[in-house]
Amino acid sequence: MDFRTESLRGLSDAVRSKRVGARELVAHALDRIEHVNPQVNAFVAVDGERALAEASRIDDRVAAGESVGPLAGIPIGVKDLEPAAGFVTSFGSRLFAGDPPAEADSVQVARLRAAGAVVVGKTNTPEEGWKGDTDNLVFGRTANPWSLTHSAGGSSGGSAAAIAAGMVPMATGSDGGGSIRIPSALCGLTGMKASFGRVAVGGDAPGWVDLSARGPMARRLADIAYALEVVAGPHPTDPRSLPAEPGLFALDGLPALPARVGWSPTLGYAPVDAEVADRTLGAVKRLAEEGVEVLEIDSVFPEDPIRTFLTLANIGTLRALAAQRERWDLLDPGLRAGLEWAERSVTVLDYAEAIAETHRLSLRLHEVLSTLGVDLLVTPATAAVTPIAGQPGVINGSPDPNWVRFTYPFNLTRSPAGVVNAGYTDSGLPIGLQVVGPMHGDRVVLEALAAFEGVLGDDRLAPIR
């Protein structure tokens, strides 16, 4: 069994039809974690005994003829920024690593469990999800299954690496500035950030209140869509959650390619590594050969909205960690520097202006798409190829710490967005193509990602054994 070549629907159907046991699926996940995780460090906590007990209960319910849900027996990882009952939510931080285990699941995890999924453990994340490389001072660095010397991306790097290495077929992620899309692109996965509010957060407001979207991660779009049908929907404790749209993520066969797309190789401001530019342009040309009309866009935004993003992100984290001010010496130095900048330099008026800027950026994106008569914007997923672990991205030979310029603008606009594999570097590392849709246009992005997989996808697996 290799989770990377199986579908969630197929696995859960096998459990419900008694062709395979939920306990067998969970045992395989635990065996794979034991074998591979010492190399990758994707999982930071595992409770095999609990997971096997949950799986046995599912098998007992199947034997009794009970309904066990569309994800029956599917072993999953939960990103360590999100609560899962029985596990510590450490946020990758020495501030919280000693906390007691969570007593309740997040909304997303609760819905996954109710559908039959089995949580086997927590996946690694940079502290408070603050950067695009997954390492922290508690659990160390997560390696990329395509090359153990390279970054898995972040902040959902533990989840992406676990899936790419075949430890689990699905895991949870969150995306506040690219944190699903970046590691998915670097680990050769399709990834999708649904519209802000599509997957309810609930409970206490997250640090990045108006930026971060939670959602499932898997290797291919059909599995992501299958899980989104389970977890999407409003919650009474989340005033930003969107109304339910049953069937929004349901897929029946391979969708048709979009008639036309806008292609922006730089968004108007981003330097791009030559290898990334070549592979993503090659992918766009392949789409054009299949009949997609490609309209090139020189500039989507007049300038890089990095300051707006950093203002909202750092103020959000500052709110979350303000009560821990006397213990900030335990934080990752880079995270602490961002908090101190926000504390020292960002005024209330600056924060209000940043919120206003998100509205202007959303309007600008709408105008660009409307003027061209397209629903979809296509860009590179990252500006650099996969960085060496612990180092910044490199763009045409020069180190550049902001090698993720293509993702955070679409957290600011709240747009649905995803990534699909566009090809590989000369050294065999995946390169991603980003697909962005209109406001609440999840279906448009979903179908485009699935169709693009059909044209661009291959069956290559990460070489880790």
(Q) With heavy-atom distances below 4.5 Å as the criterion, would you say the side chains of V445 and V436 are in contact? (A) no
Q) Got a second to check how far D175's CG is from R214's CZ, nearest 0.5 Å? A) 12.5 Å
Q. What pair of heavy atoms forms the shortest contact from P409 to Y269, and how long is it?
A. CG-OH, 3.2 Å
**Q.** Test item: side-chain donor near acceptor, K79 and S159, under 3.5 Å
**A.** no
Q: Run the numbers on D400 and R405 for side chain to side chain contact (heavy atoms under 4.5 Å, CB included), then give the verdict.
A: CA-CA 10 Å; D400 191 328; R405 289 179 173 90; 2.9 Å; yes
Q) Would T308 and E357 count as having a side-chain donor-acceptor pair, cut-off 3.5 Å? A) no
Q) Any Lys/Arg nitrogen of E289 or K285 sitting under 4.0 Å from an Asp/Glu carboxylate oxygen of the other? A) no
Q. Of the non-hydrogen atoms in V394 and D273, which two are nearest, and what is the gap between them?
A. O-OD1, 3.6 Å
**Q.** Sidechain-backbone polar pair: S241 side chain, D238 backbone, donor-acceptor under 3.5 Å
**A.** yes
Q.
Has H235 got a side-chain atom pairing as donor or acceptor with V107's backbone, closer than 3.5 angstrom?
A. no
Q: To the nearest 0.5 Å, tell me how far I464 CD1 sits from L148 CG.
A: 5.0 Å
Q: Determine the minimum heavy-atom distance between D133 and G390, stating which atoms define it.
A: OD2-N, 3.5 Å
Q) Atom CG in D442, atom CE in M192: separation rounded to 0.5 Å? A) 4.5 Å
Q. With a 4.5 Å limit on heavy-atom distance, are the side chains of S93 and L331 in contact?
A. yes
Q.
Show the nearest heavy-atom pair for residues G178 and N411, with the distance to one decimal.
A. N-OD1, 3.4 Å
Q. Shortest non-hydrogen contact from M217 to I224?
A. C-CG1, 4.5 Å
Q. Between T134 and N124, do the side chains contain an N or O donor and an N or O acceptor separated by less than 3.5 Å?
A. no
Q: Kindly compute the distance separating CG (N421) from CZ (R219), expressed to the nearest 0.5 Å.
A: 9.5 Å
**Q.** Atom CD of Q391: over 12 foreign heavy atoms under 6.0 Å
**A.** yes
Q. Side chain to side chain contact (heavy atoms under 4.5 Å, CB included) between V109 and V119: does it pass, once the steps are laid out?
A. CA-CA 8 Å; V109 174; V119 177; 4.1 Å; yes
(Q) Side chains of E453 and T190: any donor to acceptor distance under 3.5 Å? (A) yes
(Q) Any side-chain to backbone donor/acceptor pair from S12 onto R9? Under 3.5 Å, distance only. (A) yes
**Q.** Whether T280 side chain and L433 backbone form a donor-acceptor pair below 3.5 Å
**A.** no
Q. Side chains of D332 and N136: is there a donor and an acceptor less than 3.5 Å apart?
A. no
(Q) Closer than 4.0 angstrom, basic N to acidic O: yes or no for R279 and D426? (A) yes
Q) Any Lys/Arg nitrogen of R111 or D105 sitting under 4.0 Å from an Asp/Glu carboxylate oxygen of the other? A) no
Q | Check: K193 side chain, S212 main-chain N or O, donor-acceptor pair, under 3.5 Å | A | no
(Q) Ring of Y424, cation from R460 - is the NZ or CZ under 6.0 Å from the centre and inside 45° of the axis? (A) yes
Q. Strictly under 6.0 Å, is that where the ring centroids of F309 and W208 end up?
A. yes
Q | Any donor-acceptor N or O pair under 3.5 Å, side chains E128, T317 | A | no
(Q) I'd like to know if the side chain of T358 and the backbone of I355 have a donor-acceptor N/O pair within less than 3.5 Å. (A) yes
**Q.** Residue pair D210, R240: steps toward the side chain to side chain contact (heavy atoms under 4.5 Å, CB included) verdict
**A.** CA-CA 9 Å; D210 287 326; R240 292 170 172 78; 2.5 Å; yes
Q. Nearest 0.5 Å, what's the OG-CE distance between S195 and M439?
A. 7.5 Å
Q. Under the side chain to side chain contact (heavy atoms under 4.5 Å, CB included) criterion, do N314 and V346 qualify, and how do the steps go?
A. CA-CA 9 Å; N314 281 304; V346 179; over 6 Å; no
Q) Taking the six-membered ring for Trp, are F301 and F410 parallel (under 30°), tilted (30 to 60°) or perpendicular (over 60°)? A) tilted
Q. For R286 and E290, what are the C-alpha separation, side-chain angles and deciding distance, and is it a salt bridge (charged side-chain N to carboxylate O under 4.0 Å, His left out)?
A. CA-CA 6 Å; R286 288 175 62 191; E290 294 295 323; over 6 Å; no
